[in-house]
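Here is the naming used below: chain letters follow the sequence lines, and residue numbers restart at 1 for every chain.
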2 protein chains.
Amino acid sequence: MTQDSTADWQARPRVSLRLVAQAAGVSIATASRVLNDGPDKASAETVLRVREAAERLGYRPGGAAQALRRRESRIVAVLAAALINPVMATIVASIGHALRAEGLVMALCDTHEDAAIQDDFLTEMQAQNARAFVLVGAVDSPGLTRLRAAGAPLIFVNRPDPGPAPGGAYVGIDNAAAGEALARHVLALGTQRAILLHGSLERTAGTERARGIRAAFAAVPDAELIAVEAPGLDQLTGGLQAMAQVLSLRDPPRAVLCLSDALAYGAWRGAREAGRQEGFDLYGFDNLLFNDWVAPWLSSVAVDPAAFGPAVLAQLPAPRAGSRCFLPHRLHLRPG
Amino acid sequence: MTQDSTADWQARPRVSLRLVAQAAGVSIATASRVLNDGPDKASAETVLRVREAAERLGYRPGGAAQALRRRESRIVAVLAAALINPVMATIVASIGHALRAEGLVMALCDTHEDAAIQDDFLTEMQAQNARAFVLVGAVDSPGLTRLRAAGAPLIFVNRPDPGPAPGGAYVGIDNAAAGEALARHVLALGTQRAILLHGSLERTAGTERARGIRAAFAAVPDAELIAVEAPGLDQLTGGLQAMAQVLSLRDPPRAVLCLSDALAYGAWRGAREAGRQEGFDLYGFDNLLFNDWVAPWLSSVAVDPAAFGPAVLAQLPAPRAGSRCFLPHRLHLRPG
DNA sequence: CTCCATTAGGTAAACGATTACCCAACCGCA
DNA sequence: TGCGGTTGGGTAATCGTTTACCTAATGGAG
């Protein structure tokens with residue numbers, strides 16, 4: 001009655017290794033060896049015949065069968081904390097691009113900073129024999145702990161491992177150094193007092209940025225740093241509300257150091273709606289693409305997003321726990 | 001010497017169906033039937049035993065083996081034309097979320113509007129037995145033509161099939177209607193003359209938006225619409241350069257209708273840098289998330305990005321060629 | 001009591017690739 | 001001529017699941 005279920009649109013029969021081998025007049029084993037192990041495993045003439053047959057038939061190795069036999073697929077699991085954040089989206093694009101150049105495929109999930117979603121995806125990807133796990137903004141979760149303990153290949157991007165002990169490689173800027181550099185620049189302008197506008201400090205990147213900024217301010221006698229917390233998960237709204245606090249200060253400092261551009265966007269709206277946008281100098285992190293176009297008032301710590309892909313790729317073969325690849329950052333100052 | 005290669009970190013032995021069957025004291029076949037075909041294929045007691053065993057052992061079906069046997073994996077190929085565009089990134093996130101709720105996995109590729117990259121990914125995904133192909137901004141390409149001809153499940157999102165005849169379902173706004181609505185609004189304000197600022201009209205979405213706008217203007221006697229083309233692929237830079245043209249007009253119209261918010265961002269920068277940002281009313285499409293925060297001067301046609309995921313999902317089972325699912329859009333006017 | 005239909009579940013053949021193992025042919029050398 | 005080493009390539013097992021097919025048991029009808 002019901003015959004073997006098949007995606008009906010697929011070309012039948014599939015161009016399988018067997019077909020190639022038949023066309024070349026060799027056994028499947030030989031064909032596989034030639035195609036995978038290079039030309040040293042067979043006579044030059046055989047190599048040629050097999051290659052030609054594969055080419056002619058348009059052979060593509062079936063991903064599923066390969067993944068089954070080698071216990072490893074060409075899929076790399078990539079988790080992003082919030083694709084709504086353009087900088088993460090760009091990083092993800094860069095990673096995807098680098099992976100594809102190696103013949104790998106990016107499976108992507110937006111975790112919305114939710115541990116349950118993250119774990120769900122990690123488990124699913126493990127069931128798919130994912131080759132590695134790239135976490136662009138990981139949250140701590142039981143599933144992550146499990147993988148860490150199992151020694152799975154983990155790469156943390158842009159936000160170091162949130163766990164107690166780092167379980168994989170890190171790729172991203174040196175957040176503490178970047179924070180310190182930003183703060184030093186601000187101080188060098190003669191600033192004595194500044195706002196540190198931060199979101200939830202549970203995110204490791206933010207913590208480190210704040211640490212660097214604090215260190216720089218602590219190094220200058222009489223310099224004062226007023227920390228203001230932006231409430232909630234949404235950085236834009238949080239920045240807006242935090243700015244309200246700042247505006248209510250008796251003598252608010254001019255310099256406002258935001259731990260991300262999104263916070264700065266929110267803060268700027270707050271200032272603008274109060275008609276006081278001229279009263280502040282805003283600083284951020286990430287240097288969102290649109291800054292030059294619609295937020296020229298913002299200075300920001302910039303990283304080249306295209307640098308992430310190759311850096312992640314470099315860690316892929318064997319991400320050693322605790323290894324860190326720091327990408328260069330620079331301060332992108334607002335014109336004028 | 002070299003033993004069977006294995007991702008060494010993987011828990012060995014894998015919790016396979018055989019293990020579950022053994023634990024439940026049934027054959028593999030029975031276990032599979034219970035887990036896949038529902039409880040009607042075995043006695044209530046057997047069902048219970050199998051389910052319990054699977055649960056206890058933490059069984060997850062191996063994606064590779066499933067994909068091999070059923071010729072269909074749980075992977076859905078998603079191609080985005082430019083993840084750097086926040087609206088596409090958000091749409092992609094929405095699609096990914098909806099897919100995951102169905103137990104599907106999103107494999108993502110940023111094509112950069114490049115036919116070669118698109119084809120490469122399509123081919124690779126076909127080799128992985130992808131269940132469907134979702135194209136968020138497709139370009140025409142030989143590979144796409146091939147899939148279309150083969151009757152592959154194609155879903156075009158946000159930009160209709162660029163090919164001569166639609167080969168899959170479409171999900172997105174009714175671009176022509178949206179353009180017409182926007183133009184009518186502008187005309188209703190008493191505007192007689194306006195700029196139509198467009199990028200390359202090879203993109204189907206843009207073409208349709210322009211068509212709608214032109215239709216609305218044509219319906220009003222004496223209304224004048226001046227088309228200005230933004231050169232190049234980068235809409236931001238293109239908008240900037242196009243605005244230079246506009247600024248050089250003897251008596252430029254106040255209203256500037258841009259076919260995307262990115263173009264509008266570029267145009268605004270052009271106006272601002274000339275000190276003439278007060279002289280124009282800008283309109284766009286997409287209503288980027290950041291508009292309310294840093295581009296309050298922009299009115300834009302908005303769609304709820306979260307609507308894309310469910311709509312795509314609805315088309316998934318069998319995307320019929322030519323079927324269209326129009327998402328609602330509304331005009332998001334700038335405050336004041 | 002016999003016979004047929006139904007149900008429960010086991011057996012084994014796929015799916016497409018990789019690879020351990022084996023065999024045959026050939027080489028050079030004593 | 002006999003022998004060990006190398007090379008080229010075939011055979012078959014295996015990865016984990018699905019499912020066509022078969023068997024045995026059970027129940028009801030005649």
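Here the straight-line distance linking atom CZ of B/R100 with atom CG of A/L108 works out to 11.0 Å at 0.5 Å rounding. Rounding to the nearest 0.5 Å gives a distance of 9.5 Å between CG of A/L79 and CZ of A/F156. To the nearest 0.5 angstrom, A/Q118 atom CD is 8.0 Å from A/D140 atom CG. To the nearest 0.5 angstrom, B/L35 atom CG is 6.5 Å from B/L17 atom CG. The line from CD of B/Q22 to CG of B/L57 is 10.0 Å long, rounded to the nearest 0.5 Å.
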Nucleotides 7-9 of chain D: which of its N/O atoms have a protein N/O under 3.5 Å away?
from, atom 1, to, atom 2, distance (Å)
D/dG9, OP1, A/T46, OG1, 2.7
D/dG9, OP2, A/S43, N, 3.1
D/dG9, OP2, A/T46, OG1, 3.2

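In terms of phosphate contacts, A/S32 brings a side-chain nitrogen or oxygen within less than 4.0 Å of OP1 or OP2 of C/dT18. Side-chain nitrogen and oxygen atoms of B/R70 include at least one within less than 4.0 Å of the OP1 or OP2 phosphate oxygen of D/dT18. For the pair B/Q66 and D/dG16, the criterion of a side-chain N or O lying under 4.0 Å from OP1 or OP2 is not met. Applying the 4.0 Å criterion to OP1 and OP2 of C/dT18, one finds that A/N36 has a side-chain N or O inside that range.
Taking atom CG on B/L68 and atom C1' on D/dT18, their separation rounds to 10 Å, with Å as the unit. For A/L19 and C/dA17, the CG to P distance is 10 Å, given to the nearest whole Å. We find that CZ of B/R18 is positioned 15 Å from P of D/dT18, with the value rounded to whole Å. For the pair B/D37 CG and C/dT7 P, the interatomic distance rounds to 15 Å; values are reported in whole Å. The CD-P distance, from A/Q128 to D/dG16, rounds to 14 Å in whole Å. The CZ atom of B/R60 sits 12 Å away from the P atom of D/dT17 (whole-angstrom rounding). Regarding B/L17, its CG atom lies at a distance of 7 Å from the P atom of D/dT18, rounded to whole Å. B/L35 has its CG atom 13 Å from the P atom of D/dT19, to the nearest Å.
Across all non-hydrogen atoms, the minimal contact from A/P61 to A/R74 is O-NH2, 4.2 Å. Nearest heavy atom pair, residue B/Q10 against residue A/R71, reads NE2-O, 4.4 Å.
A donor and an acceptor atom, one from each side chain of B/R60 and A/Q128, are nowhere located under 3.5 Å apart. Remark: the B/Q315 side chain and the B/R324 side chain contain no N/O donor-acceptor pair separated by less than 3.5 Å.
Proximity note for A/R69 (side chain, C-beta onward) versus D/dA13, D/dG16, D/dT17: the nearest is D/dA13.
In summary, B/R131 and B/E102 do not engage in a salt bridge, as defined by a charged side-chain N under 4.0 Å from a carboxylate O.
Counting non-hydrogen atoms under 4.0 angstrom, B/S16 reaches the backbone sugars and phosphates but no base.
Heavy-atom nearest nucleotides on DNA chain C were determined for A/A29 and for A/R14, and the one closer to the 5' end corresponds to A/R14.
Each end of the helix from C/dC1-D/dG30 to C/dA30-D/dT1 gets its own axis from five base pairs, and the two axes differ in direction by 60°, given to 10 degrees.
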